[in-house]
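Proteins come first, then strands; the chains are lettered A, B, ... in the order of their sequence lines, and each starts at number 1. Below, each value reflects all heavy atoms present in this structure, side chains not excepted, and no hydrogens, waters or symmetry copies.
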There are 2 protein chains.
Amino acid sequence: MTQPSPDLLFKALADPSRRALFERLCLDGEQTVGALTAGAGISQPAVSKHLGILKQAGLVLDRHEGRQTHYSAQQSALAPLVDWTGRMNRFWEARFDDLEDLLKRMDQ
Amino acid sequence: MTQPSPDLLFKALADPSRRALFERLCLDGEQTVGALTAGAGISQPAVSKHLGILKQAGLVLDRHEGRQTHYSAQQSALAPLVDWTGRMNRFWEARFDDLEDLLKRMDQ
DNA sequence: TTTTCTCATAACCATATAGTTATGGATGTC
DNA sequence: GACATCCATAACTATATGGTTATGAGAAAA
């Protein structure tokens with residue numbers, strides 16, 4: 001199971017409809033396409049397409065049961081996002097530490 | 001100073017060129033447009049446009065000095081992103097806790 | 001079997017987006 | 001003043017994207 005690229009994740013989550021679908025799956029748990037379509041303000045094919053993109057990004061899992069498909073959030077797929085923001089902030093902290101060191105040295 | 005919306009942030013960071021610019025500002029610190037253009041594989045106007053979008057999302061600050069503009073990363077703007085991923089994961093943990101509770105109760 | 005239901009895909013359209021070249025304004029240099 | 005440099009904006013183009021309606025495949029119901 002390879003890590004999804006941050007690029008795929010950012011792109012998948014950049015769209016408000018997709019983010020709303022993902023959030024709903026996170027908050028309310030597994031849902032069928034029909035249920036998700038009911039809540040979203042868009043057509044069923046649009047929902048299916050969005051779910052396909054979320055799935056490709058590793059953000060959701062699908063489970064077929066009879067004639068309906070259940071989707072659920074795969075929150076662990078957010079890991080690369082957390083890593084990325086962490087990396088960006090780590091450098092901020094590092095440079096902040098540098099600044100602190102500098103100020104300390106200037107104090108002495 | 002109002003929090004930038006997750007939507008603006010996700011959209012701003014969804015583009016690889018913009019993310020590369022932001023990463024570079026995070027890692028290497030303040031840069032002029034010229035310096036950034038040198039590294040990026042795109043034209044100077046393209047870089048300027050991307051920087052404009054990053055600025056609108058609150059991700060970068062600009063500082064004018066003579067005829068050049070220096071851009072720097074505003075990492076604190078990532079806060080809404082961290083919050084969002086946190087919220088999505090909190091619910092995961094909550095439901096995980098529920099599962100644990102359930103298993104414990106089943107054990108007794 | 002026939003019909004109905006659920007979802008995915010196809011085909012299409014309008015708009016958004018990311019890039020380009022051209023240009024101009026402001027600032028520094030000669 | 002004349003020229004060069006740095007950046008932003010304008011105008012344009014090609015492609016990507018998000019939506020639609022139409023349709024079809026597969027499973028359940030009749």
#### Entry: Base of D:dA27 paired with side chain of A:Q68 (donor-acceptor, under 3.5 Å)
no
### Query
Looking at B:Y71, does any N or O in its side chain come under 4.0 Å of the phosphate oxygens OP1/OP2 on D:dC6?
no
### Query
For B:S43, which contact category applies under a 4.0 Å heavy-atom criterion: base, sugar-phosphate, or nothing?
base
#### Entry: Presence of salt bridge, A:R63 and A:E30, under 4.0 angstrom
yes
### Task
Answer with base, sugar-phosphate or nothing: what part of the nucleic acid does B:S17 contact at a heavy-atom distance below 4.0 Å?
sugar-phosphate
### Message
Using whole Å, what does the distance between atom P of nucleotide C:dG28 and atom CD of B:E65 come to?
### Response
9 Å
### Query
So what does A:T32 touch, heavy atoms closer than 4.0 Å: a base, only the sugar-phosphate, or nothing?
sugar-phosphate
### For atom NE2 of B:H50 and atom P of D:dC7, their distance in whole Å
16 Å
### Task
Examine distances only and state if a side-chain atom of A:R18 and a backbone atom of A:H50 form a donor-acceptor pair shorter than 3.5 Å.
no
### Query
If each of A:A46 and B:T69 is mapped to the nucleotide of DNA chain D with the nearest heavy atom, which maps nearer the 5' terminus, i.e. the 5' end?
B:T69
### Sidechain N-carboxylate O distance under 4.0 Å for A:R19, B:D7
yes
### Query
Rounded to the Å, how far apart are A:L51 CG and C:dT9 P?
11 Å
### Task
Please report, rounded to the nearest Å, how far the C1' atom of C:dC7 is from the CZ atom of A:R63.
15 Å
### Query
Are any of the side-chain heavy atoms of B:L54 and B:L21 separated by less than 4.5 Å?
yes
### Message
Regarding C:dC5, can its base be found pairing with the side chain of A:R67 as donor and acceptor, where the two atoms are less than 3.5 Å apart?
### Response
yes
### Task
Give the intermediate values and the outcome of side chain to side chain contact (heavy atoms under 4.5 Å, CB included) for residues B:H70 and B:Q31.
CA-CA 5 Å; B:H70 299 256; B:Q31 307 267 340; over 6 Å; no
### Query
Once you round it to whole Å, what is the distance between P of D:dC7 and CD1 of B:I42?
14 Å
### Task
Hey, which sits more toward the 5' end of DNA chain D by its nearest nucleotide, B:H70 or A:P45?
B:H70
### Query
CD of B:Q44 versus P of C:dT23: gap in Å, rounded?
15 Å
#### Entry: Nearest-angstrom distance from the residue atom NZ of B:K49 to C1' of C:dA22
13 Å
### Message
Without decimals, in angstroms, what is the distance between B:K11 NZ and D:dG18 C1'?
### Response
11 Å
